[in-house]
Amino acid sequence: MEPILAVQDLSVRIAGLHILQGVSFTVAPTGVTVLLGRNGVGKTTTLRALVGLTPRNGEVRGTVRMQSATLLGQPTHRLVRGGLGYVPEDRCVFAGLTVAENLRLAERRGSTPAYDRVFALFPELQRRSRQRAGSLSGGQQQMLAIGRVLINDNRLLLVDEPTKGLAPKVVTEVAEVLARVAESVPVLLVEQNLAVVRRLARDAVVLAAGQVAWTGDAQRLLAETELTRSLLGVGSVEGHHAAPGSHHAAPGAGRKDGH
């Protein structure tokens, strides 16, 4: 099957720093492809470059195609209208607006919003539709962030650390929703929780020092302790008996990824 996304020689410089240095990988047209790596290697930078959100002082080069469409150089709103959904790190909901208003703002002009789909996945959002987003818990805000994307039909979803900072029970709920979503739309996922990666991912791309260090079967990567340790600085999921809500981060986990 042809990949839904093909990234070739992607390079990103921001404020003089060469964050990505010729990154190339593909995303399968089904299932979840996970983007892994130690903190600071450029995972978030990669997603932001794909969706056209590199800072103004940044320079992006390379080729990115979503099937027949060229992505680089296109404004973000056009990419979103073309079916590229993006759930950013740290949720970025509109705190002063209600849940309903957040969802309404996400509706794409000319398409029918899929409220039934969103509320079937996240019934809590329907119950809290009149509540301001800023008063929601972290898990509820993450549900809202994902719901804003799922209210529209998408060809590909980019999801950045959806379980970050969440309680174990909510981590499990979010992972279950993403598994259901991935049955109908491919997902490129950035995630530090290796138990969640094991639950969701079929393919893996590992970044190191702004370059692709490894690609292949995600389950094979997680099963091989030495390979996982050399690439990510941690042992395998089996070796650490990771709980669904635990985060296995590489040394330096206090730093944010890239820019």
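Just so it is clear, the model here is predicted, and its values are computed rather than measured.
- For the pair E224 (side chain) and L221 (backbone), a donor-acceptor distance under 3.5 Å is absent.
- A donor-acceptor pair is defined here as one N or O able to donate and one able to accept, closer than 3.5 Å; no such pair exists between the side chain of N154 and the backbone of L156.
- The main-chain N or O of L53 is found under 3.5 Å from a side-chain atom of R48 such that the two form a donor-acceptor pair.
- Checked for salt-bridge contact, E107 and R109 miss the test: no charged N lies under 4.0 Å from a carboxylate O.
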Identify each donor-acceptor pair in which a side-chain atom of residues 199-214 lies under 3.5 Å from a protein atom, sequence neighbours left out, and give them as a table.
| residue | atom | partner | partner atom | Å |
| --- | --- | --- | --- | --- |
| R202 | NH1 | T30 | OG1 | 3.3 |
| R202 | NH2 | T30 | O | 2.7 |
| R202 | NH2 | T30 | OG1 | 3.2 |

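- Side-chain contact, E191 with T163: a donor N or O sits under 3.5 Å from an acceptor N or O.
- Annotation: side chain of I14 is in contact with side chain of V12 (closest heavy-atom distance under 4.5 Å).
- We find the CD-CZ distance between E2 and R65 to be 11.5 Å, quoted to the nearest 0.5 Å.
- A donor-acceptor pair under 3.5 Å links the side-chain atoms of R117 to the main chain of N152, judged by distance alone.
- Rounding to the nearest 0.5 Å gives a distance of 8.5 Å between CG of D90 and CG of D160.
- Of the inter-residue distances, the one linking L125 atom CG with I151 atom CD1 reads 9.5 Å to the nearest 0.5 angstrom.
- Electrostatic pairing of E176 and R180 does not count as a salt bridge here, judged by no charged N lying under 4.0 Å from a carboxylate O.
- Using modelled atom types, no side-chain atom of Q21 and backbone atom of S11 make a donor-acceptor pair closer than 3.5 Å.
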| Trace of the side-chain hydrogen bond (donor to acceptor under 3.5 Å, both in side chains) decision for N39 with Q192 | CA-CA 9 Å; N39 289 305; Q192 293 276 35; 2.6 Å; yes
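- Using a 4.0 Å cut-off between a side-chain N of Lys or Arg and a carboxylate O of Asp or Glu, E124 and R127 qualify as a salt bridge.
- Of the possible polar contacts, none joining the Q142 side chain to the R91 backbone as a donor-acceptor pair under 3.5 Å is found.
- The closest donor-acceptor contact from the side chain of K43 to the backbone of R38 lies under 3.5 Å.
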Identify all side-chain donor-acceptor contacts of residues 75-83 below 3.5 Å with residues at least two apart in sequence or on another chain.
| residue | atom | partner | partner atom | Å |
| --- | --- | --- | --- | --- |
| T76 | OG1 | V51 | O | 2.8 |
| T76 | OG1 | G52 | O | 3.1 |
| R78 | NH1 | Q74 | OE1 | 3.3 |

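- For D9 and S24, the side-chain atoms include no donor-acceptor pair closer than 3.5 Å.
- Not counting sequence neighbours, F122 has no partner by the ring-ring contact (aromatic ring centres under 6.0 Å, His included) test.
- The distance from atom CG of L103 to atom CG of L144, rounded to the nearest 0.5 Å, is 5.5 Å.
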| query | Going through the distances and angles, do E226 and R229 end up as a salt bridge (charged side-chain N to carboxylate O under 4.0 Å, His left out)? | reply | CA-CA 5 Å; E226 291 305 317; R229 181 177 290 114; 2.9 Å; yes
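- Side chain of T172 to main chain of P168: a donor-acceptor pair is present (N/O by atom type, distance under 3.5 Å, no hydrogens or angles).
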